[in-house]
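To start, the structure itself, in structure tokens.
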Amino acid sequence: MSQPPDSHVDELLSAARTATGDELRSLTYFTEDEVTQLYLRSDLSRTADLVGFAENERQGFHSQSLYADTQLGDYQFTVRVFENGYLTRVIAGEHGAWMTTDSMEMDRFEELASALSSILRSFDPA
């Protein structure tokens, strides 16, 4: 499994922890071809199907182009709501991350997405 550039793993995790605090459940990095779980809270089981989740979240790469040039503006992030928490997906270029969290206020999801998007954009030199 691939990982983001080494210099960015701690940066991604730090940004996620800063935005979510103890509500962070997991953090996973993905590209079109690879997926790597960077963090899993100790009270959670490692039984999640990362490959299955990645296949679904990779659809966001295609969504970026579908939503381009709409009156809604640029795609920023996706929040999925589940019975026991939330999944937030952020994509920047060819890199993505999803985080699972406990319940939080909406502005914290926006803060989380903004911080991680900025880091992901830095993976590809301009």
Out of Thr88, Asn84, Leu87, Leu40, which one pairs with Thr100 under the side chain to side chain contact (heavy atoms under 4.5 Å, CB included) rule?
Leu87

Ala97 and Leu120 have their tightest heavy-atom pair at N-CD1, 4.0 Å

Show, in sequence, the C-alpha distance, side-chain angles and deciding distance for Leu27 and Gln37, and conclude whether the side-chain contact (heavy atoms from CB on, under 4.5 Å) test is met.
CA-CA 6 Å; Leu27 172 62; Gln37 189 165 61; over 6 Å; no

Search all heavy atoms of Asp33 against all heavy atoms of Arg58 and return the closest pair with its distance.
C-NH2, 3.6 Å

Between Leu38 and Thr28, is any pair of side-chain heavy atoms under 4.5 Å apart?
no

Enter the distance from Phe109:CZ to Leu112:CG here, rounded to the nearest 0.5 Å.
8.0 Å

Whether Thr18 side chain and Ser14 backbone form a donor-acceptor pair below 3.5 Å
yes

Within the 3.5 Å criterion, strictly below it, is a donor on His8 or Glu11 matched to an acceptor on the partner's side chain?
yes

Report, as yes or no, whether the 6.0 Å neighbourhood of atom CD on Glu94 holds more than 12 heavy atoms from other residues, nucleotides or ligands.
no

If we only count heavy atoms from C-beta on, is the Tyr75 to Val90 side-chain gap below 4.5 Å?
no

Between Glu57 and Arg80, does any NZ, NE, NH1 or NH2 come within less than 4.0 Å of an OD or OE carboxylate oxygen?
yes

Charged N to carboxylate O under 4.0 angstrom, Asp22 versus Arg17?
yes

Nearest non-hydrogen partners of Ala15 and Ala115, listed with the distance
CB-CB, 3.9 Å

May I ask you to check whether Phe30 and Phe61 place their ring centres under 6.0 Å from each other?
yes

Just do the side-chain contact (heavy atoms from CB on, under 4.5 Å) check on Leu50 and Trp98 with the steps written out, would you?
CA-CA 11 Å; Leu50 290 181; Trp98 78 76; 3.9 Å; yes

Enter the distance from Met99:CE to Leu13:CG here, rounded to the nearest 0.5 Å.
11.5 Å

Going hydrophobic residue to hydrophobic residue with side-chain gaps under 4.5 angstrom, can you get from Leu72 over to Leu66?
no

Point-to-point distance, once rounded to the nearest 0.5 Å, from CD of Gln76 to CD of Glu110
8.0 Å

Looking at Thr70 and Tyr67, would you say the former's side chain and the latter's main chain have a donor-acceptor pair under 3.5 Å?
yes

For residues Arg89 and Phe77, determine if any side-chain heavy atom of one lies less than 4.5 Å from a side-chain heavy atom of the other.
no

Distance col, row Glu23:CD vs Thr101:OG1, nearest 0.5 angstrom, shows 7.5 Å

With a 4.0 Å cut-off on N to O distance, would you call Arg108 and Glu111 a salt bridge?
no

Is the number of heavy atoms from other residues, nucleotides or ligands under 6.0 Å of Glu32 CD greater than 12?
yes

Looking at every non-hydrogen atom in both residues, tell me the closest pair between Arg25 and Tyr39 and how far apart they are.
O-CE2, 3.7 Å

Contact check, side chains of Thr20 and Tyr86, non-hydrogen atoms, under 4.5 Å:
no

Looking only at atom types and distance, does a side-chain atom of Ser118 sit under 3.5 Å from a main-chain N or O of Ser114, one as donor and one as acceptor?
no

If you measure from CZ on Phe123 to OG1 on Thr31, what distance do you get to the nearest 0.5 Å?
11.0 Å

Output yes when Arg41 and Asp102 qualify as a salt bridge under the 4.0 Å nitrogen-oxygen rule, no when they do not.
yes

To the nearest 0.5 Å, what is the distance between CD1 (Ile91) and CG (Leu116)?
12.5 Å

